[in-house]
Amino acid sequence: MDTLVYAAKNKNIDVLLHSSSGGMFSALTEDFIKEGNAVLCVHYNYENNDAEFHLVESLLERDRSRGSLYIQSKARDSWKAGIEWLENHKGKSLLFIGVGCQAAAFIRYAEMKGVKDQVIVVDMVCHGSPSPLVWRQYISSVIGKGKLSDVNFRDKKTGWSHSVGTAKIDGKEISIHPFRKLYSSRNILRPCCSRCPYTTIKRKSDLTLGDFWHIEMSLPEFKDEKGVSLVLIHTERGYDLFKNAQKYLDVIESNVNDCWQMNLEKPTEHANGRSDFWDDFQSKDLEYVINKYTKVTILHRIKRNANKIIRHLIPLSTIEV
């Protein structure tokens with residue numbers, strides 16, 4: 001089937017505020033879990049400061065996985081556990097949620113295990129995966145001797161389009177926005193991300209989720225600073241999942257031209273000074289690196305915003321995807 005495009009946002013304001021964009025993850029999984037199915041998704045492990053896949057069978061567990069994590073996630077034994085869960089729950093389904101490369105790998109894994117018909121795969125629009133080393137060093141320096149209890153890479157207290165990074169240490173909220181700025185600088189992204197084959201509209205997943213950036217240009221009446229999700233539906237199975245979740249959503253139909261964003265066309269390019277960054281990271285302290293590589297000049301902001309506007313005016317049908 002041709003890819004269907006929607007903008008969507010959760011009707012539950014509390015869910016919307018605690019989600020990175022429009023609360024689609026909660027909407028898709030609500031009835032799915034209530035019906036006795038399971039979800040394989042990522043949450044933050046506060047014991048080792050890693051992002052890890054885990055198997056979710058309850059809504060309480062599900063809520064731990066709300067929000068974006070700007071760090072590379074690890075599968076460990078969770079994918080095996082997901083397949084074993086399917087083998088022990090005949091007639092039930094497993095919903096896998098990950099970035100494009102993880103989704104492609106899990107599809108292949110499920111095919112090898114003979115359970116692909118029981119699996120629904122959702123992937124996400126991805127900017128790139130950052131170095132785990134940088135995150136570990138950064139958060140260790142921030143925590144000090146305190147106790148980390150919450151990490152929010154997309155805190156929307158200042159609005160969806162102006163979100164900030166926050167964490168709670170010993171119950172006190174602090175900013176982790178410098179790490180967000182390092183991530184945006186592209187210097188800490190893995191080299192393979194610049195060659196990613198999954199930055200396209202056409203995918204093998206059932207459904208793709210992301211932020212509906214630039215919605216103020218295409219669907220201004222639907223813009224909401226509490227967040228709006230982009231939903232790309234690729235298969236009948238993905239459509240059925242989306243249709244079942246619509247009771248929890250406000251939805252408006254869109255198209256592939258109006259939902260354009262860079263990572264639906266091509267991978268994120270390496271930063272020009274990436275090698276310099278890593279030389280400095282290995283020889284200087286973290287504060288020096290952050291100060292040097294997170295400054296955005298006024299000229300850069302003007303060029304970036306101009307490119308967004310110009311690129312939005314070019315029909316996506318003229319782009320190879």
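Since this is a predicted model, take the numbers as computed values, not measurements. Start at 1 with the first residue, then count along the sequence.
- In terms of heavy-atom proximity, N257 sits nearest to N255 at N-OD1, 3.0 Å.
- For the atom pair CG of L182 and CG of L286, the computed distance is 7.0 Å after rounding to the nearest 0.5 Å.
- Comment: K284 does not engage D279 in a salt bridge, judged by the lack of any side-chain N to carboxylate O separation of less than 4.0 angstrom.
- For S73 against Q102, the heavy-atom pair with the smallest separation is OG-NE2, 2.7 Å.
- Between F179 and Y70, the ring center distance fails the sub-6.0 Å criterion.
- At least one side-chain heavy atom of L133 sits under 4.5 Å from a side-chain heavy atom of Q137.
- Here E111 pairs with R108 in a salt bridge; the nearest charged N to carboxylate O distance falls below 4.0 Å.
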Item to check | Full working for side chain to side chain contact (heavy atoms under 4.5 Å, CB included) between K92 and Q118 | outcome: CA-CA 7 Å; K92 297 298 181 180; Q118 292 175 260; 5.6 Å; no
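- A donor-acceptor contact shorter than 3.5 Å links the side chain of S229 to the backbone of G22.
- Looking at D170, its side chain never comes within 3.5 Å of a backbone N or O of K172 through a donor-acceptor pair.
- With respect to K157 and E173, a salt bridge is recorded, a charged nitrogen being found less than 4.0 Å from a carboxylate O.
- The backbone N or O of S129 lies less than 3.5 Å from no partner atom in the side chain of Q72, so there is not a single donor-acceptor pair.
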Checklist entry - Could you go step by step and tell me if R66 and S26 meet the side chain to side chain donor-acceptor pair (under 3.5 Å) rule? => result CA-CA 7 Å; R66 280 191 188 133; S26 296; 2.7 Å; yes
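- Contact check for R136 versus D50: side-chain heavy atoms found under the 4.5 Å cut-off.
- Each of L55 and F25 belongs to its own hydrophobic cluster when Ile, Leu, Val, Met, Phe, Trp and Tyr are linked at side-chain heavy-atom distances under 4.5 angstrom.
- The shortest side-chain heavy-atom distance between E265 and I201 does not fall under the 4.5 Å cut-off.
- No donor-acceptor pair under 3.5 Å is formed between the side chain of K226 and the backbone N or O of N10.
- No hydrogens or angles considered: a donor-acceptor pair under 3.5 Å links the side chains of R180 and S163.
- Across all non-hydrogen atoms, the minimal contact from V99 to C126 is CG1-SG, 4.0 Å.
- Judged purely by distance below 3.5 Å, without hydrogens or angles, the side chains of S20 and D211 never pair a donor atom with an acceptor atom.
- The side-chain heavy atoms of I143 and N49, taken from C-beta on, include a pair separated by under 4.5 Å.
- Residues I97 and V39 meet the side-chain proximity criterion, which asks for heavy atoms closer than 4.5 Å.
- Counting only heavy atoms from C-beta outward, the side chains of V122 and D206 never approach each other to under 4.5 Å.
- No continuous path of ILVMFWY side-chain contacts below 4.5 Å connects L249 to I13, so the two sit in separate hydrophobic clusters.
- The ring of H43 has its center no closer than 6.0 angstrom to the ring center of F53.
- Contacts classified as salt bridge (charged side-chain N to carboxylate O under 4.0 Å, His left out) and involving residues 116-128 (residues at least two apart or in different chains) are given here: D123-R203.
- Following chains of ILVMFWY side-chain contacts shorter than 4.5 Å, one cannot reach L207 starting from I252, and the two form parts of different hydrophobic clusters.
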Next on the checklist: Would Y239 and H234 count as a ring-ring contact (aromatic ring centres under 6.0 Å, His included) here? Give the steps.
Outcome noted: CA-CA 8 Å; Y239 181 76; H234 310 295; over 10 Å; no
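- Side-chain contact of D276 with Y293: a donor-acceptor pair under 3.5 Å is absent, judged by distance alone.
- Taking CE of M24 as the start and CE of M124 as the end, the distance is 13.0 Å to the nearest 0.5 Å.
- Here the CG-CG distance, from L16 to N12, works out to 8.5 Å after rounding to the nearest 0.5 Å.
- Salt bridge status for K80 with D77: absent, with no side-chain N to carboxylate O gap under 4.0 Å.
- To the nearest 0.5 Å, atom OG of residue S218 and atom CH2 of residue W213 are 13.5 Å apart.
- Atom OH of Y138 sits about 11.0 Å away from atom CD1 of I188, to the nearest 0.5 Å.
- Classified by interplanar angle (parallel below 30°, tilted 30° to 60°, perpendicular above 60°), the ring pair W85/H89 is parallel.
- Contact of the Y44 side chain with the I71 side chain is registered, since non-hydrogen atoms from C-beta on lie closer than 4.5 Å.
- Residues E30 and R62 are paired through a salt bridge, judged by an N-O separation under 4.0 Å between the basic side chain and the carboxylate.
- E61 contributes a side-chain N or O that, together with a main-chain N or O of E57, makes up a donor-acceptor pair within less than 3.5 Å.
- Taking the six-membered ring where tryptophan is involved, the planes of F277 and F281 are essentially parallel, since the angle between them stays under 30° and well short of 60°.
- We find the NZ-CD1 distance between K243 and I233 to be 11.0 Å, quoted to the nearest 0.5 Å.
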Table please: side-chain donor-acceptor pairs of residues 144-153 below 3.5 Å, with sequence neighbours left out.
unit_1	atom_1	unit_2	atom_2	d
N152	OD1	R154	N	3.0
N152	OD1	D155	N	3.2

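- Using modelled atom types, no side-chain atom of S93 and backbone atom of N37 make a donor-acceptor pair closer than 3.5 Å.
- The shortest heavy-atom contact between C193 and G128 is SG-CA, 3.9 Å.
- Checking side-chain atoms of T199 against main-chain N and O of C196 turns up a donor-acceptor pair under 3.5 Å.
- Shown here for I215 and V228, the closest heavy-atom pair between the two residues is CD1-CG1, 3.7 Å.
- Y288 contributes no side-chain N or O that, together with a main-chain N or O of S283, makes up a donor-acceptor pair within less than 3.5 Å.
- Side chain of S194 to backbone of P191: a donor-acceptor contact under 3.5 angstrom is found.
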Item to check | CA sep, side-chain torsions, deciding dist, call: V56, L40, side chain to side chain contact (heavy atoms under 4.5 Å, CB included) | outcome: CA-CA 6 Å; V56 168; L40 198 54; over 6 Å; no
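- Contact check on D250 versus K9 returns no salt bridge, with no Lys/Arg side-chain nitrogen under 4.0 Å from an Asp/Glu carboxylate oxygen.
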Checklist entry - Passes side chain to side chain contact (heavy atoms under 4.5 Å, CB included), L230 versus L209? Steps please. => result CA-CA 6 Å; L230 169 64; L209 301 180; over 6 Å; no
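- A donor and an acceptor atom, one from each side chain of T268 and R186, are nowhere located under 3.5 Å apart.
- Of the possible polar contacts, none joining the T200 side chain to the L264 backbone as a donor-acceptor pair under 3.5 Å is found.
- Here the closest heavy-atom approach between residue T294 and residue P178 is recorded as CG2-O, 4.0 Å.
- W79 and F96 have perpendicular rings, their planes meeting at more than 60° on a 0 to 90° scale where under 30° would count as parallel.
- You'll find the side chain of H54 reaches within 4.5 Å of the side chain of C41, heavy atoms only.
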Next on the checklist: Between F242 and V251, does the side chain to side chain contact (heavy atoms under 4.5 Å, CB included) criterion hold? Intermediate values first, please.
Outcome noted: CA-CA 10 Å; F242 178 67; V251 173; 3.9 Å; yes
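- Judged as a salt bridge (Lys or Arg N to Asp or Glu O under 4.0 Å), and not counting sequence neighbours, the contacts of E52 are R76.
- Residues V119 and L95 do not share a hydrophobic cluster, clusters being chains of Ile/Leu/Val/Met/Phe/Trp/Tyr side chains in contact below 4.5 Å.
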